[in-house]
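These notes are about the structure you will find just below.
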Amino acid sequence: MSQTTPTAPENAAPHRYTAALAADIEARWQDFWERHGTYQAPNPTGDLAGDPELAARPKQFIMDMFPYPSGAGLHVGHPLGYIATDVFARFQRMTGHNVLHTLGFDAFGLPAEQYAVQTGTHPRTSTEANIVNMKAQLRRLGLGHDQRRSFATIDPGYYRWTQWIFLQIFNSWYDEDAGRARPVDDLVKQFESGERPTPGDRAPWAELDAAGRADLLGEYRLAYASDAPVNWCPGLGTVLANEEVTADGRSERGNFPVYKAKLRQWNMRITAYAERLLNDLDGLDWPEAIKLQQRNWIGRSEGARVDFPVGDAGRKITVFTTRQDTLFGATYMVLAPEHPLVGEVVPPSWPEGTRPAWTGGHATPAEAVAAYRAQAAAKSDVERQADAKDKTGVFTGVYATNPVSGERVPVFIADYVLMGYGTGAIMAVPAHDGRDFAFARAFELPIRCVVEPTDGRGTDTAAWTDAFDSHEAKLVNSRGEDVSLDGLAVPDAKAEITRWLAERGIGEGTVNYRLRDWLFSRQRYWGEPFPIVYDEDGIAHPLPESMLPLELPEVEDYAPRTFDPEDADTSPETPLSRNEDWVNVTLDLGDGPRRYRRETNTMPNWAGSCWYELRYLDPHNDRRLVDPEIERYWMGPREGAPHGGVDLYVGGAEHAVLHLLYARFWSKVLFDLGHVSSREPFHKLYNQGMIQAYVYRDSRGFPVPAAEVEERDGVFRHDGRPVTRELGKMGKSLKNAVTPDEICTDYGADTLRLYELAMGPLDVSRPWDARAVVGQYRLLQRLWRNVVDEASGAVTVVDEEPDEETLRVLHKAIDGVTQDMANLRFNTAIAKITELNNHVTKVRRVPRRVAEAAVLLIAPLAPHIAEELWRRLGHEDSVVHHPFPVADPAYVVDETVTCVVQVKGKVRARLEVAPGVPEAELEALALAEPAVVAALGGAGVRKVIVRAPKLVNIVPA
RNA sequence: GCGGCGGUGGCGCAGCAGGUUGACGCAGCAGACUUAGGAUCUGUGGCCCGCGAGGGCUUGAGGGUUCGAAUCCCUUCCGCCGCACCA
């Protein structure tokens with residue numbers, strides 16, 4: 001489809017609002033704003049302090065999720081959110097707020113590095129070029145950003161503080177008793193004084209050597225290195241966080257397969273904050289869907305830990321269950337194949353009574369276990385899930401003891417139990433769990449019903465075809481030597497058995513979370529270096545603050561080097577490790593110069609976005625990440641926002657559990673350590689919808705350029721051949737991208753801004769319709785013509801009072817637009833401005849008051865044309881800080897209302913009546929209407945419902 | 001499978017503390033200005049029947065509550081998104 005381009009001859013009307021005139025107006029006002037610093041927001045420690053009028057204004061901190069400066073540039077889908085926040089910010093300025101609105105760049109990350117590997121261009125070079133391009137694209141849109149506050153996460157002056165925050169986290173531990181993070185020094189003091197004994201079988205603090213102490217503190221630090229199995233992605237040459245791996249075991253970026261590998265990696269103890277991350281969601285103004293996703297990701301479940309003794313060496317298997325009430329129904333146990341206990345307890349031969357089905361055909365338990373483990377390890381997560389339906393497993397040769405019934409229960413290993421959840425071990429209750437039921441059927445294990453079914457199937461499990469699950473029913477078959485749950489309802493039984501277990505020290509009620517710690521290191525070049533060095537004993541030392549920023553060194557070779565995850569002697573080679581001069585250093589960390597090796601992993605690209613809202617507040621502060629007074633002013637807790645945070649944060653829903661969870665976590669650590677007054681980074685979150693586009697594919701499924709497709713009689717053709725059409729994302733590879741630059745050139749930025757917002761509600765996805773853009777262009781043309789004569793350029797407004805009807809239209813528009821803007825309903829705001837403009841277009845002679853109000857109403861949406869018309873109307877000031885019109889309530893109500901007269905619910909007549917018309921009068925008027933009389937057809941009236949002044953409904957007899 | 005959101009003209013949508021369905025825009029149709037126009041302006045505008053006056057139908061489908069349902073309740077279908085052996 002060809003682009004509809006207005007091509008009106010310029011000479012026909014020299015002062016017509018054309019794309020060329022729009023371009024001229026827009027460039028001029030963008031320069032004006034820049035010269036005058038129109039969008040600079042004063043801080044409480046600066047300009048604000050000396051200006052009582054400004055200081056009295058309420059503040060608004062309005063943010064977008066900042067962009068990654070990709071080389072592909074922007075398409076029209078990208079700026080939707082930026083336009084929306086800009087309109088909202090402009091509205092807030094005009095309604096008397098001190099508004100902070102700016103935009104930075106999230107510039108570390110894989111694409112720049114991949115590009116560098118391909119082309120040899122340094123990532124900084126390409127990234128900075130991309131930033132320049134993107135800034136130019138964004139400038140054309142007329143976004144009112146405080147440019148002094150913009151930065152990129154790759155600026156050393158910024159990542160200095162990212163590293164600084166890492167050090168704060170490294171130097172903290174979570175004090176469960178206090179319910180907050182505290183400096184590690186406090187913990188050391190507790191160990192030194194003996195107030196806190198060293199845990200487990202460790203020696204007392206005084207007897208530990210440096211390595212022992214470092215190791216112990218590592219168990220507490222909020223940032224710690226550990227050797228756990230991690231997600232290794234050979235395709236990206238790095239490990240990934242759980243949040244970056246999709247459900248089918250592939251990398252979120254690039255869609256490469258991900259494998260488990262055991263590597264020493266940095267982690268952040270986000271699990272310590274699970275409860276607070278969950279609870280504080282309640283105080284946030286976020287879409288319920290996003291809150292729900294975070295709740296699911298955190299995955300809180302209440303239940304109990306129960307110990308099952310195994311063997312004679314005092315060993316036990318600890319399980320987590322949410323159904324401790326069904327303990328009497330636990331007829332076997334299952335461990336995850338990777339469970340460490342398995343190797344310790346496997347006996348040399350199959351015990352008496354081992355069923356053939358349990359052994360997997362192996363001669364000894366050790367052989368069976370080894371074979372099953374090997375089989376499980378060979379499977380990727382994808383295969384493991386695909387095979388999920390058939391329950392496989394093997395007997396370990398070991399029996400444990402059910403602590404309530406004293407019964408011997410066989411212990412299996414099976415795929416369907418995951419090492420990463422709970423304790424990696426379960427008690428299996430086949431009667432009341434579908435997975436256990438399937439496994440028990442496959443392995444001929446006993447099934448015992450311990451909760452009375454309410455569906456009439458009875459307690460004889462032999463006839464069952466599935467597990468029974470009910471939380472309202474009563475317990476049966478649950479009588480032990482000194483405890484009985486029989487007859488108790490499920491919740492009571494839970495409480496009773498939990499108490500019983502706790503009394504004997506063999507279990508306790510607990511809360512389990514699905515959330516895992518956050519894997520925080522990457523084997524890549526283009527990220528923040530860790531401010532960590534290792535001494536000759538391999539002990540990690542934080543760099544002192546004075547050595548920050550630790551700048552990313554130049555390297556020749558950015559390429560990641562893969563390795564063999566099977567071979568324990570190999571590990572990924574990080575790009576930074578190849579730079580021996582940088583890695584090996586002599587530093588004085590307080591005890592004289594010593595040799596150290598630097599950490600060569602880099603931080604994940606989430607690090608820079610975890611705290612950037614704070615840096616906008618005080619971007620040039622080189623003594624602190626943010627001045628406390630400034631932070632309190634913009635971010636602090638306040639009425640309606642009990643945890644503090646940004647007033648409005650707009651971005652895509654794809655960050656629901658990544659960026660938004662990590663940023664909340666860092667916020668809470670900084671709060672605990674006293675660096676900020678806000679517990680939450682983002683008080684109000686809004687997810688903008690996606691701008692979709694049609695993707696046209698040829699018979700082989702390859703996208704063809706959307707702009708070249710022609711439609712005839714509902715058939716789409718490219719080069720004469722039929723193509724298929726589907727609605728999808730907009731993108732270069734799909735050949736359907738429309739850029740903001742081309743729309744700006746064809747119509748102007750104000751038209752683009754209006755069209756993007758007029759398409760529909762901000763949070764709904766909708767297809768881009770190239771033809772429809774012209775509708776908003778026409779609105780601006782009509783508005784222009786209502787003020788400026790197209791032939792002469794003279795201002796045509798008249799200094800007359802508007803008539804009564806125009807006043808009502810005007811004030812209803814002001815009232816509606818004000819409400820819509822405040823609620824981010826820009827589509828309906830635009831419709832109301834259009835109605836007003838259509839009305840005055842008909843009037844022809846436009847009263848100055850009405851024209852000025854219309855210009856101010858549209859100013860947040862179309863700022864360039866508004867500034868231009870405002871100036872031509874004779875005003876010296878900018879509309880940016882001019883007060884928004886205020887509706888006069890006297891004109892918001894109608895003089896007369898249309899009253900609908902229904903007969904039996906069908907509209908038969910309309911009456912024009914005064915708003916205050918008495919009911920009896922209205923009823924009489926309605927019954928006298930000829931159409932009503934006709935509709936009644938002589939039938940009597942049974943009932944008349946009068947809802948004055950809008951409706952009368954007559955029910956015939 | 002579980003959870004969430006949503007189905008209204010040819011299209012994007014508006015209306016939802018029950019009360020005129022279709023605001024606003026695109027496309028369409030008619031007209032104006034024009035050498036011409038895919039520019040601009042004016043008008044029109046759900047669907048069906050009817051020359052017309054007018055009548056009937058209509059908010060995914062079916063049912064319910066009500067004088068009255070797009071809006072509330074139940075059942076069902078379709079679409080999109082998230083999670084998924086979570087013990």
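The basis for the numbers below is simple: all heavy atoms, side chains too, and nothing from hydrogens, waters or symmetry mates. Here is the naming used below: chain letters follow the sequence lines, and residue numbers restart at 1 for every chain. None of the values given here were measured: they were computed from a predicted structure.
When distances run from any side-chain atom of Arg435(A) to the nucleotides C13(B), G19(B), A87(B), the shortest one goes to A87(B). The side chain of Val955(A) approaches C67(B) more closely than any other nucleotide in the set U20(B), C24(B), C67(B). Side chain of Ser301(A), nearest nucleotide from C85(B), C24(B), A87(B): A87(B). Among the nucleotides C13(B), G25(B), U40(B), the one closest to any side-chain atom of Asn827(A) is C13(B). Distances from the side chain of Arg785(A) to the nucleotides C67(B), G55(B), C41(B) place C41(B) closest. Among A14(B), A87(B), G12(B), the nucleotide with an atom closest to any side-chain atom of Leu418(A) is A87(B). With C67(B), A87(B), G25(B) as the choices, the nucleotide that has an atom nearest any side-chain atom of Thr834(A) turns out to be G25(B). Closest approach to the Arg947(A) side chain among G19(B), G43(B), C13(B) is made by G19(B) (side chain taken as heavy atoms from C-beta onward). For Gln902(A), taking side-chain heavy atoms from C-beta onward, the closest of the listed nucleotides G19(B), C85(B), A14(B) is G19(B). Distance from the side chain of Asp769(A) is smallest for C26(B) among the nucleotides C26(B), C67(B), U40(B).
Using a 4.0 Å heavy-atom criterion, one finds that Thr423(A) contacts no nucleic acid atom at all. Looking at heavy-atom distances under 4.0 Å, Asn953(A) makes contact with a base. The residue Asn838(A) sits close only to the backbone: its heavy atoms come under 4.0 Å of sugar-phosphate atoms, none of a base. Residue Arg778(A) is classed as a sugar-phosphate contact, given heavy-atom separations below 4.0 Å to backbone atoms only. Using a 4.0 Å heavy-atom criterion, one finds that Arg766(A) contacts the sugar-phosphate atoms exclusively. Among the protein residues, Leu292(A) comes within range of the sugar-phosphate backbone only, with heavy atoms under 4.0 Å from sugar or phosphate atoms but none that close to a base. Contacts of Thr841(A) with the nucleic acid, taken as non-hydrogen atoms under 4.0 Å apart, involve only primed sugar atoms and P, OP1 or OP2. Backbone-only engagement by Val764(A) is indicated by non-hydrogen atom pairs under 4.0 Å involving sugar-phosphate atoms exclusively. Across all strands shown, Arg295(A) has no heavy atoms under 4.0 Å from either base or sugar-phosphate atoms.
At whole-Å resolution of the value, CE in Met759(A) and P in C24(B) are 20 Å apart. Atom pair Glu288(A):CD and G82(B):P shows a separation of 18 Å (rounding to whole Å applied). Between the CZ atom of Arg725(A) and the P atom of C11(B) there is a distance of 11 Å, given to the nearest Å.
Formation of a donor-acceptor pair under 3.5 Å by the Asp815(A) side chain with backbone atoms of His811(A) is not found in this model. Looking only at distances, no side-chain donor or acceptor of Arg725(A) sits under 3.5 Å from a matching main-chain atom of Tyr694(A).
An anti orientation is assigned to G52(B), its glycosidic angle lying beyond 90° of 0.
Taking atom C1' in both C86(B) and A14(B), one finds a spacing of 43 Å when rounded to whole Å. For the C1' atom pair drawn from A39(B) and C48(B), the interatomic distance equals 37 Å after rounding to whole Å. Remark: the separation of the P atoms in A53(B) and C49(B) is 16 Å, to the nearest Å. Nucleotides G38(B) and C26(B) place their P atoms 15 Å apart, quoted to the nearest Å. Between G19(B) and U40(B), the two P atoms lie 38 Å apart (nearest whole Å).
Nucleotide U44(B) forms a pair with G28(B), judged by Watson-Crick or G-U wobble geometry with both contacts under 3.5 Å. Remark: G3(B) base-pairs with C81(B); criterion is Watson-Crick or G-U wobble with both hydrogen-bond distances under 3.5 Å.
Heavy-atom neighbours of Lys291(A) NZ from other residues, nucleotides or ligands within 6.0 Å: above the threshold of 12.
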